[in-house]
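So the structure is just underneath, and the comments pick up after that.
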Amino acid sequence: MREQADGGPLVGRSGEPAAPPPLVTDGDDRSPGRGGPLGPRLRDYHAAFNAARTAMALVDRDGRLLAANPALGSLLGADPDRLADRRAADLVGLGGDERVRDAYHDVLRGGRDRLRCTCRLKHPGGQALWAEVTLDALRQEGTGEAAAPAGAALLSVEDVSEQRELAARLRHLQMHDPVTRLPNRALFFERLGAALRSPGHARVGICYLDLDGFKAVNDTLGHAIGDRLLFAVAGRLLACVAEGGHLVARLGGDEFALLVEESDGTEQTTALADAVLAALQRPFDLEGHRLAVSASIGVVERPAAGTSPTGLMQAADTTLYWAKADGKARWALFDPERNAHRMTRQALSSTLRQAVERGEFRLEYQPLVALDGGALRGVEALVRWDHPQFGMLAPNRFIGLAEENGAIVQLGRWVLAESCRRARVWQKDHPDEPISVSVNVAVRQVWDSDLVADVAGILDDTGLPPELLQLELTESAVMGSAGRPLQALHALHEMGVRIAIDDFGTGYSNLAYLSRLPVAALKLDGSFVRGFRDPEHPNPADETIVVALVELAHRLGLTVTAECVESAEQAERLRRIGCDTGQGWFYSRPVAPERIAEMLGTPAHSG
């Protein structure tokens with residue numbers, strides 16, 4: 001063993017503090033710190049021991065100091081000679097933690113070679129310091145005067161307060177947002193995870209908020225004002241939680257989260273959300289700008305057991321979306337039933353395209369019946385999804401989703417092809433009683449695909465005459481047509497395909513524009529027909545409107561179909577008014593194509 005050239009700690013070849021030379025016990029020499037003369041070998045040891053910069057002490061098997069060097073005395077603020085016979089565990093705090101205490105005694109008993117740990121020491125002057133404590137068992141080498149005392153160990157203590165303070169400052173920088181000085185996403189999730197694991201936290205709550213219109217502030221006034229606004233918002237959020245001591249964090253952008261680690265229940269979390277909304281309603285005066293902002297808040301409160309940070313934040317994100325969708329400047333509380341509906345929508349939306357490829361869709365057909373005579377004039381194709389998990393789904397469960405994600409183009413093309421193929425079969429089987437097939441078309445099919453080419457190709461493949469195909473578009477879609485959609489309607493009309501306006505009377509009702517569209521038929525919305533249900537108390541306004549619409553349509557050369565006919569009385573009144581065809585449960589519910597084949601040639605007035 002030798003002292004480093006720079007006067008550093010005594011080290012062995014491994015770089016760790018090395019054991020001092022074996023103690024000499026002959027003659028009158030006694031161990032350092034015990035007093036009395038020292039032999040030459042012990043004096044060499046004692047000189048190196050005292051010169052070391054590392055605070056060290058020799059400890060006997062009972063844990064008492066045999067000797068302490070000046071560096072240890074300086075660290076502890078005590079005379080090193082007065083440290084002899086003191087218990088090492090008491091001096092450097094090795095007795096507080098049970099695991100450390102057990103390892104410490106294992107070293108003294110020879111059960112292990114080393115203990116290394118970090119302890120918090122208190123200097124007699126009052127200041128606290130952090131120290132890295134190492135206890136190395138000294139091997140029993142040789143016998144007689146060269147042997148070390150049995151069970152002796154070398155205690156080394158290094159002050160690491162500065163390193164820990166630097167590490168703490170770095171961690172603070174890593175775990176806090178530089179703009180608002182709030183805890184950041186990393187620290188928030190660390191605290192959230194700890195709260196969910198803590199046995200003392202029965203319930204946990206989160207308010208997850210997003211500023212409404214913050215992007216406009218950044219875009220118009222610049223990021224400097226935007227940052228000032230974020231800092232001001234952070235101050236108000238801290239004021240909201242001052243009494244409860246809850247955590248406020250900035251998760252990024254204009255998103256903040258408030259964590260209620262020991263929630264008393266939903267009422268406490270929603271009350272906090274109300275306080276935040278109220279605090280943010282007051283305008284912010286920043287550098288001559290008076291800014292008004294609001295927030296949308298997602299609120300989640302639930303038992304901590306069985307909850308993960310990811311699951312909790314997913315629920316919070318969902319409720320934040322609900323708050324924005326419901327009008328902003330409000331909070332929304334997580335609702336498992338509403339969330340289940342949302343999850344079902346997502347599941348359906350994500351599998352729509354594959355469902356078309358797997359052939360999971362079915363078509364049913366609802367008859368269009370002549371009000372004068374009851375003959376079958378046509379059918380409307382209605383698509384159903386035979387879902388492997390959710391069963392048979394009606395169009396209102398998935399058509400909107402298909403329009404949102406673009407799958408309506410692929411699905412619509414399949415419905416069109418299958419409807420034309422089936423209509424061609426009916427035509428060949430009943431050439432003297434041709435019926436038309438009506439197919440609903442979404443505006444997105446016109447924009448996102450070449451509908452004209454699709455229709456032409458399908459008619460050519462199936463051999464169905466164009467006049468037996470009727471395409472139905474909603475009134476709002478047709479009336480707002482311009483450019484490509486309008487060109488497509490004219491091209492289809494020139495091809496011989498009939499165009500019908502569905503749900504007429506609920507959209508724009510631009511009657512002047514109607515005369516310039518290549519439309520062949522109107523389908524009156526069922527809301528008008530439902531007004532005819534009670535023959536004893538009819539709604540005069542409904543009948544007046546229907547009479548006017550039917551008369552206008554006929555003067556324009558259009559046929560009129562009444563939807564939602566459910567009784568003989570409704571059918572008779574509509575016949576007297578002049579409607580051409582009716583559609584509804586009075587005649588038939590949507591049925592399989594085989595049932596339509598049976599109806600052909602038979603008046604369909606009894607359902």
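A distance-only check finds no donor-acceptor pair linking the side chain of Thr351 to the backbone of Gln354 [under 3.5 Å]. With Gln410 contributing its side chain and Ala407 its backbone, the two residues share no donor-acceptor pair below 3.5 Å. At least one donor-acceptor pair under 3.5 Å links the side chain of Gln570 to the backbone N or O of Glu566. Between the side chain of Arg362 and the main chain of Gly359, a donor-acceptor pair closer than 3.5 Å is present. Formation of a donor-acceptor pair under 3.5 Å by the Gln281 side chain with backbone atoms of Ser294 is not found in this model. With hydrogens and angles ignored, the 3.5 Å screen pairs a side-chain donor or acceptor of Ser350 with a backbone N or O of Gln346. Remark: the backbone N or O of Ala279 is paired with a side-chain donor or acceptor of Arg236 at under 3.5 angstrom. With Ser198 contributing its side chain and Ala194 its backbone, the two residues share no donor-acceptor pair below 3.5 Å.
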Worked check of side-chain contact (heavy atoms from CB on, under 4.5 Å) between Asp317 and Met313: CA-CA 6 Å; Asp317 185 64; Met313 289 308 296; over 6 Å; no
Going through the distances and angles, do Ile225 and Leu291 end up as a side-chain contact (heavy atoms from CB on, under 4.5 Å)? CA-CA 10 Å; Ile225 297 296; Leu291 304 177; 4.0 Å; yes
Please test Leu348 against Leu352 for side-chain contact (heavy atoms from CB on, under 4.5 Å), starting from the C-alpha separation and ending with a verdict. CA-CA 6 Å; Leu348 295 178; Leu352 261 168; 5.6 Å; no
Using the rule given for ring pair (Phe, Tyr, Trp, His ring centres under 6.0 Å), can you reason through Phe390 versus Phe398, listing the C-alpha separation, both sets of side-chain angles and the distance that settles it, and then say yes or no? CA-CA 12 Å; Phe390 302 114; Phe398 58 86; over 10 Å; no
Assess the residue pair Val293 and Phe214 against the criterion (side-chain contact (heavy atoms from CB on, under 4.5 Å)); give the C-alpha distance rounded to whole Å, side-chain angles, the decisive distance to 0.1 Å, and a yes or no. CA-CA 7 Å; Val293 298; Phe214 176 75; 6.0 Å; no
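When each of Asp326, Asp274, Thr319 is paired with Trp331, the side-chain hydrogen bond (donor to acceptor under 3.5 Å, both in side chains) condition holds for Asp274 and for no other. Only one option out of Leu258, Leu182, Val248, Ile206 pairs with Phe188 in a side chain to side chain contact (heavy atoms under 4.5 Å, CB included); it is Ile206. Among Arg384, His387, Arg397, the one residue that satisfies the side chain to side chain contact (heavy atoms under 4.5 Å, CB included) test with Met392 is Arg384. Considering Glu337, Met343, His341 in turn, Met343 is the only one that fulfils the side chain to side chain contact (heavy atoms under 4.5 Å, CB included) rule with Asn339. Screening Arg191, His246, Arg203 for a side-chain hydrogen bond (donor to acceptor under 3.5 Å, both in side chains) with Glu261, the sole residue that qualifies is Arg191.
In terms of heavy atoms, Ala402 sits closest to Asn405 at O-OD1, 3.2 Å. Val529 approaches Cys564 most closely through the heavy-atom pair CG1-O, 3.6 Å. The two atoms that bring Ser349 and Leu401 nearest to each other are N-CD1, 4.1 Å, heavy atoms only. Contact detail for Val409 and Ser449: the closest heavy-atom pair is CG1-CB, 3.6 Å. Nearest heavy atoms, Tyr365 versus Ser419: OH-CA, 3.8 Å. Residues Cys119 and Leu94 approach most closely at SG-CD2, 3.9 Å, considering heavy atoms.
Residues Leu237 and Thr180 have side chains not in contact (no heavy-atom distance under 4.5 Å, counting atoms from C-beta outward). Using a 4.5 Å cut-off on side-chain heavy atoms (C-beta onward), Val276 and Cys207 make no contact. Leu363 has its side chain out of reach of Pro593: every pair of non-hydrogen atoms, C-beta onward, lies at least 4.5 Å apart. The closest side-chain heavy-atom distance from Leu489 to Val446 is not below 4.5 Å. Side-chain contact between Asp448 and Ile408 is absent, with no heavy-atom pair separated by less than 4.5 Å. Residues Arg573 and Val565 form no side-chain contact, since every pair of their non-hydrogen atoms from C-beta on lies 4.5 Å or further apart. Side-chain contact between Val217 and Leu211: absent, with no pair of heavy atoms (C-beta onward) separated by less than 4.5 Å. Residues Phe231 and Arg181 form a side-chain contact, since some pair of their non-hydrogen atoms from C-beta on lies under 4.5 Å apart.
Taken to the nearest 0.5 Å, the CG atom of Leu272 stands 11.0 Å off from the CD atom of Glu243. The distance from atom OG1 of Thr544 to atom CG of Leu549, rounded to the nearest 0.5 Å, is 11.0 Å. Within the model, atoms OH of Tyr208 and CD1 of Ile297 stand 12.5 Å from one another, a figure rounded to the nearest 0.5 Å. Note that CZ of Arg164 is 11.5 Å distant from CZ of Arg171, once rounded to the nearest 0.5 Å. Taken to the nearest 0.5 Å, the NZ atom of Lys523 stands 7.0 Å off from the CG atom of Asn440. Between atom CD of residue Glu132 and atom CG of residue Asp159 there is a gap of 11.0 Å, rounded to the nearest 0.5 Å.
Within 6.0 Å of atom OH in Tyr321, 12 or fewer heavy atoms from other residues, nucleotides or ligands are found, so the atom counts as exposed in its surroundings.
No hydrogens or angles considered: a donor-acceptor pair under 3.5 Å links the side chains of Gln470 and Ser438. Side-chain contact check for Asn184 and Gln174: no donor-acceptor pair (N or O, by modelled atom type) lies under 3.5 Å.
Within the cation-pi definition used here (under 6.0 Å to the ring centroid, within 45° of the axis), Arg444 does not qualify as a partner of Trp447. A cation-pi arrangement is present between Arg338 and Trp322, with the terminal nitrogen or guanidinium carbon under 6.0 Å from the aromatic centre and inside a 45° cone about the axis.
Between Asp212 and Lys324 there is a salt bridge, since at least one side-chain N of the basic residue sits less than 4.0 Å from a carboxylate O of the acidic one. Look at Arg169 and Glu165 and you find a salt bridge, because one of the NZ, NE, NH1 or NH2 atoms lies within 4.0 Å of a carboxylate O, short of that distance.
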